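So that the names make sense, note that chain A is the first sequence line, chain B the second, and so on, each numbered from 1. Quick caveat, the model's predicted, so the values are computed rather than measured.
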Protein chains: 4
Amino acid sequence: MRSAFTLVLALALAVCVAPMERKCLLSGSWRSDTSCRMVVSTLDKDNRFSGFYLPGPAAGYSELLTSPLEGSQQDTRLVPQPTFSFTVNWRLQDSEMAQTSVFLGQCYVDSNGEETLHALWLLREAANSPEEDWKAIRIGTSTFTRIK
Amino acid sequence: MRSAFTLVLALALAVCVAPMERKCLLSGSWRSDTSCRMVVSTLDKDNRFSGFYLPGPAAGYSELLTSPLEGSQQDTRLVPQPTFSFTVNWRLQDSEMAQTSVFLGQCYVDSNGEETLHALWLLREAANSPEEDWKAIRIGTSTFTRIK
Amino acid sequence: MRSAFTLVLALALAVCVAPMERKCLLSGSWRSDTSCRMVVSTLDKDNRFSGFYLPGPAAGYSELLTSPLEGSQQDTRLVPQPTFSFTVNWRLQDSEMAQTSVFLGQCYVDSNGEETLHALWLLREAANSPEEDWKAIRIGTSTFTRIK
Amino acid sequence: MRSAFTLVLALALAVCVAPMERKCLLSGSWRSDTSCRMVVSTLDKDNRFSGFYLPGPAAGYSELLTSPLEGSQQDTRLVPQPTFSFTVNWRLQDSEMAQTSVFLGQCYVDSNGEETLHALWLLREAANSPEEDWKAIRIGTSTFTRIK
């Protein structure tokens, strides 16, 4: 009888004191403005994470496979809108060409608590020689919102 | 007799006070670190110039033809190491694809009077739709020295 | 009598054959995603334009004054979604520091006829020496929609 | 008797066929074209490394302290001129402003066996709001040669 009461009490407390959701932890699922998806793991104690980048239906992505990512972010206990960076090593269908992207960005929270990731990225393919290095890097921006 | 003397004096002065060569006017011929050449016209009164960009032997340039450029620079009477910008509309062999580059840089003069142009550039090709816009832009740097 | 008829006919024709508005001419007024405004002149026969960039209320713009721009675009009679480039020579309050931006982008038209300009830009300030050149350039993207 | 001979033979072979030094492992010490130094650890089995970035005497670096870096590279057993990426979390004197750089590049080996790292980097500082995000990112290139 007593343990039943304890259980109920515990559940009630769990609901009441459920911590405010911590914003701008990158953990979870995100959708980019080009309809790609990104799934990020729980952060480790050093604010590092790993995950996967899933290409979307957008034109020009047809060769891309689900690709691993690794990165880190600022500690959200220290700053409410942390900067972050991560690297994606692209896995491509029918291609031995290595392609790597680095993303550098910041998570912003608006007055409704909605999180948005603003990132600038570089995408590099391997070049055969320094003479061809000039054309190895593309650049662009991506915006991500959380998939709920 | 007097006018003859005046003429000689004038010529002598003209030689003596011939102005120091003004550095960092982009007018003239330049060679890039990737062995491209660039020929820049005399500047007009608003510090605008036009010219041509000539691709070098470097790998990956094979399709490029001599291409027109247009730009402007800061006034070298106001600043010794002027910033500049110019646009190149690439003419390509066997291709109707439009490609445009913008260069943004600064001219530096070292203690020996040698001029070097440091520039960052963006190279864009036309995309078919906003969905393909993400891959339209490449980025890199170029360094130019004057061909004497 | 005859001239009155001619006038009516002319007016009728003017309405009937009013040319389809040509899309993606940059001429006109545009608003950026950071609430800046841009006013672009009529294009000349070489598809060149000039205009002004007016800073918005956004944080960090307080020093900016209305600044002149110059650029060019692909011919809209040849391509429906032209690429473009332009340079802004920033006029700053209380500052003799020269700052220049180059924008490189493309105009897209959606199925409703709405035009959007997608641009990547570089912003450069003058550096004192090649050793300080590394920190002279910022980069970002801007999106513009037409003000009607 | 026979096993002793085998051992001697094995040792002799080990010396003779001592592998050529493997090039383009990022492990070791590097100097950048702006006189910064970078010390990179031995790679782990997944081609990940950590290390430190030490600012040089160049102007504009005065606030920088030795800062940790983390990254990874392509496997040099698969490709002779691997691409790489790494992140530097800058430690700054007298500043709580977080700054992070990502480097994306490739290691090239010339005909003399000299290694050069060509990298493009992004440098980001934290912004207060999305409205200030536009000015958060600088861009540039670095070239590194091995310190022997």
Top residue by heavy-atom pair count (under 4.5 Å) with chain A, among D:A126, D:S101, D:P80? D:A126

To check you understand the geometry: which heavy-atom pair defines the closest contact between A:T100 and D:L104, and what is its length? O-CD2, 3.8 Å

Which bit of D:A136 comes within less than 4.5 Å of chain A, counting heavy atoms only: side chain, backbone, both or neither? neither

Region of D:I139 that comes under 4.5 Å of a non-hydrogen atom in chain A: side chain

If you look at every heavy atom in A:E125 and D:Q106, which pair is closest and at what distance? O-OE1, 4.2 Å

Of the backbone (N, CA, C, O) and the side chain (C-beta and beyond), which part of A:N128 lies under 4.5 Å from a heavy atom of chain D, both, or neither? backbone

Which heavy atom of A:V102 sits nearest a heavy atom of D:S85, and at what distance? CG1-CB, 3.7 Å

Name the region of A:I137, side chain, backbone, both or neither, that has any atom closer than 4.5 Å to a heavy atom of chain D. side chain

Side-chain (D:Q74) to main-chain (A:A98) donor-acceptor, under 3.5 angstrom: no

With a 4.5 angstrom heavy-atom cut-off, which part of D:E70 approaches chain A: side chain, backbone, both or neither? side chain

Under a 4.5 Å heavy-atom cut-off, does chain A meet the side chain of D:T87, its backbone, both or neither? side chain

Below 4.5 Å, heavy-atom pairs only: which of D:Y108, D:F84, D:F86, D:F103 has the largest tally toward chain A? D:Y108

If one checks every heavy atom of A:T83 against chain D at 4.5 Å, the contacting part turns out to be side chain

If one checks every heavy atom of D:Q81 against chain A at 4.5 Å, the contacting part turns out to be side chain

